[in-house]
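Order of appearance sets the numbers: ligands from 1, and atoms from 1 within every ligand.
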Amino acid sequence: METAAPAAVIVAIDGPSGTGKSSTSKAVAAQLGLSYLDTGAQYRAITWWMVNNGIDLTDPTAIAAVAGKAEILSGTDPAAPTITVDGTDVAGPIRTGEVTSKVSAVSAVPEVRARITELQRSIAASAAADGVGMVVEGRDIGTTVLPDADLKIFLTASPEARAARRSGELKGADVKATQEALIKRDAADSSRKTSPLAKAGDAVEVDTTDLTLQQVIECVVTLVEEKRTSK
Ligand SMILES: Nc1ncnc2c1ncn2[C@@H]1O[C@H](COP(=O)(O)OP(=O)(O)OP(=O)(O)O)[C@@H](O)[C@H]1O
Ligand SMILES: Nc1ccn([C@H]2C[C@H](O)[C@@H](COP(=O)(O)O)O2)c(=O)n1
């Protein structure tokens, strides 16, 4: 007798910066054979394009006017996620301090969000239609982009833990300055009018402050497997 393939499952993982969304999402997707979408990388990519094209990022009208210009493509293999803008690999350039400090201003503009949200929904719909399923991580996935996701997870961690993780990653960066920058970005992302960073009412909250990355991954894998079994 043939065993039925597991049903496609769509998982939304949201939370503030440095809570472990990317690391957890990639590992869970790889372990369970799902695709993976980093929606922050898409907002970073459009911000990179705007910086490169000299757009005035203090002017929301100027940002809105060019929101549809760049072609952004996301590769969704969790072992080797990719991001290109008009055919150029921007995986490195989108992680610079300049893009990080400007991405909240760009991603707050409703025309940018409408355009990127449409792109995200179509990528997730393809993964579901192919029977593969996907882990989608960001800030507004459970609330706005995919409100019907099978499972929603909201990761949190203390600002101290998040800053220590980021400083470790940035090799020797000042922890206090890193924490201030992170709090500032979260405040901007949480207070914008259009689909702010927020926990969906039906999301499972996981506080990762005192958990190792491996423990968080195991926790999320268990939640996804339970959801798959009950589908
Ligand atoms: N539970 C954990 N314990 C220790 N370190 C962790 C944990 N989770 C993630 N990290 C580390 O913290 C850093 C930030 O993690 P990650 O990039 O996954 O966070 P994020 O929520 O996606 O951040 P951002 O939204 O800013 O992209 C990485 O170096 C990662 O290895
Ligand atoms: N769904 C999303 C994902 C990301 N953003 C914005 C806000 C973040 O500060 C920025 C970069 O995200 P990161 O790469 O740090 O995860 O992109 C958003 O508004 N909505």
Side-chain angles (χ1 to χ4, degrees), residues 12-29 36-48 50 72 74 78 81 83 90-91 93-110 112-121 123-124 135-146 149 152-171 173 175 178-179 181-198 200 206-220:
I13 301 192
D14 291 301
S17 169
T19 50
K21 298 180 301 295
S22 299
S23 325
T24 305
S25 301
K26 269 188 274 192
V28 169
Y36 160 71
L37 181 61
D38 177 355
T39 64
Q42 296 175 319
Y43 284 104
R44 286 172 179 273
I46 197 164
T47 302
W48 174 86
M50 292 200 187
I72 296 168
S74 298
I83 180 98
V90 293
I94 63 169
R95 305 285 163 193
T96 60
E98 185 179 20
V99 170
T100 301
S101 66
K102 291 178 172 162
V103 64
S104 293
V106 173
S107 61
V109 175
V112 169
R113 298 209 74 78
R115 198 261 161 135
I116 300 287
T117 296
E118 189 188 341
L119 179 63
Q120 293 161 354
R121 286 183 179 149
I123 295 169
V135 181
V136 185
E137 57 122 332
R139 303 291 191 290
D140 62 337
I141 309 305
T143 53
T144 304
V145 178
L146 302 169
K152 299 177 188 177
I153 292 171
F154 195 79
L155 297 183
T156 62
S158 70
E160 291 77 15
R162 297 190 283 124
R165 292 173 189 173
R166 273 272 171 259
S167 312
E169 213 176 35
L170 301 173
K171 308 239 172 358
V175 184
T178 305
Q179 187 172 324
L182 194 135
I183 288 172
K184 190 173 161 209
R185 187 149 64 98
D186 287 343
D189 294 340
S190 307
S191 61
R192 66 171 175 244
K193 283 208 178 84
T194 312
S195 57
L197 157 66
V206 181
D207 182 348
T208 71
T209 307
D210 297 317
L211 300 179
T212 64
L213 177 57
Q214 196 50 43
Q215 286 172 323
V216 181
I217 294 164
E218 279 164 22
C219 167
V220 175

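Residue D38 has no nitrogen or oxygen atom sitting less than 3.5 Å from a nitrogen or oxygen atom of ligand 2, judged on distance alone. Annotation: T24 places no N or O atom under 3.5 Å from an N or O atom of ligand 1; distance criterion only. Residue G18 has at least one nitrogen or oxygen atom sitting less than 3.5 Å from a nitrogen or oxygen atom of ligand 1, judged on distance alone. For a threshold of 3.5 Å applied to N or O pairs, the pair formed by R139 and ligand 1 contains at least one separation below that value. Inclusion of K21 in the set of residues having an N or O under 3.5 Å from an N or O of ligand 2 is not warranted. Checking only distances, R139 does come within under 3.5 Å of ligand 2, N or O to N or O.
Closest of all the heavy-atom pairs between A157 and T19 is N-CG2, 3.7 Å. Heavy atoms only, all atoms of each residue included: S104 and R185 are closest at OG-CG, 3.3 Å. Minimum interatomic distance between D38 and Y36 (heavy atoms only, all atoms of both residues): CB-OH, 3.3 Å. Here the shortest heavy-atom pairing between T143 and A198 reads CG2-O, 3.6 Å. When all heavy atoms of L119 and Q42 are compared, the closest pair comes out as CD2-NE2, 3.8 Å. Between G138 and D14, the shortest heavy-atom distance links the atoms C-OD1, 3.0 Å.
Residue, atom and distance of the protein heavy atom nearest to atom 3 (N) of ligand 1 are L211 O, 3.5 Å. The protein atom (non-hydrogen) at minimum distance from atom 1 (N) of ligand 2 is D140 OD1, 2.8 Å. Nearest protein heavy-atom neighbour of atom 10 (N) of ligand 1: R165 CD, 3.7 Å. The nearest heavy-atom contact from the protein to atom 29 (O) of ligand 1 is E169 OE2, 3.0 Å. Counting only heavy atoms of the protein, atom 14 (O) of ligand 2 lies nearest to R44 NE, 2.7 Å. Among all protein heavy atoms, the one lying closest to atom 5 (N) of ligand 2 is Y43 CD1, 3.6 Å. Scanning the protein heavy atoms around atom 9 (O) of ligand 2, the nearest turns out to be D189 OD2, 2.7 Å. Scanning all protein heavy atoms for the shortest distance to atom 4 (C) of ligand 2 gives G40 CA, 3.5 Å. Here the heavy atom of the protein found nearest to atom 6 (C) of ligand 2 is S107 OG, 3.7 Å. Among protein heavy atoms, the minimum distance from atom 15 (O) of ligand 2 is reached at R185 NH1, 2.9 Å.
When non-hydrogen atoms are compared, ligand 2 lies under 4.0 Å from the side chain of R113 (C-beta onward) but not from its backbone. At a heavy-atom distance under 4.0 Å, no atom of R95 approaches ligand 1. Heavy atoms of R166 found under 4.0 angstrom from ligand 1 belong exclusively to the side chain. In Q120, neither the side chain nor the backbone holds a heavy atom less than 4.0 Å from any atom of ligand 2.
Atoms of ligand 1 found under 4.0 Å from any heavy atom of K21, numbered from 1 in the order shown, are 18 (O), 19 (O), 20 (P), 21 (O), 22 (O), 23 (O), 24 (P), 25 (O). In the vicinity of R95, heavy-atom distances shorter than 4.0 Å reach the ligand 2 atoms 14 (O). For ligand 2 and G138, the ligand atoms under 4.0 Å from any heavy atom of the residue are 1 (N), 3 (C). Residue-ligand proximity, T39 to ligand 2, at heavy-atom distances under 4.0 Å covers atoms 1 (N), 2 (C), 3 (C). Each of the atoms 26 (O) of ligand 1 lies under 4.0 Å from some heavy atom of R185.
Heavy atoms of other residues, nucleotides or ligands lying less than 6.0 angstrom from CD of E160 number more than 12.
Residue R162 places every heavy atom at 4.0 Å or more from ligand 1. Residue K102 places every heavy atom at 4.0 Å or more from ligand 2. Ligand 2 lies within reach of R192, whose nearest heavy atom is under 4.0 Å from it. Look at E137 and you'll find every heavy atom at least 4.0 Å from all atoms of ligand 2. Proximity of G40 to ligand 1 is not established, as no heavy-atom distance is less than 4.0 Å. Heavy-atom separations between P16 and ligand 1 include at least one value shorter than 4.0 Å.
Considering only heavy atoms from C-beta on, L211 comes within 4.5 Å of V206 through its side chain. A heavy-atom distance below 4.5 Å is found between the side chains of I72 and I83. For the pair T144/R113, no side-chain contact is recorded, criterion being any heavy-atom separation below 4.5 Å from C-beta on. In this structure, the side chains of W48 and T96 stay at 4.5 Å or more apart for every pair of heavy atoms. Counting only heavy atoms from C-beta outward, the side chains of T39 and V136 approach each other to under 4.5 Å.
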Practice task
Take M50 and V109 through the test side chain to side chain contact (heavy atoms under 4.5 Å, CB included) and record every step on the way to the result.
Solution key: CA-CA 13 Å; M50 292 200 187; V109 175; over 6 Å; no
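One N or O on the side chain of K21 and one on the backbone of G15 form a donor-acceptor pair closer than 3.5 Å.
Side-chain atoms of R165 and T208 include a donor-acceptor pair closer than 3.5 Å. With hydrogens and angles left out, the side-chain atoms of S17 and D186 include no donor and acceptor closer than 3.5 Å. For S107 and R44, the side-chain atoms include no donor-acceptor pair closer than 3.5 Å.
Heavy-atom proximity to atom 8 (N) of ligand 1, evaluated over T39, L213, L155, D38, is greatest for L213. The heavy atom nearest to atom 31 (O) of ligand 1, out of those in A157, A41, S23, G20, is found in S23.
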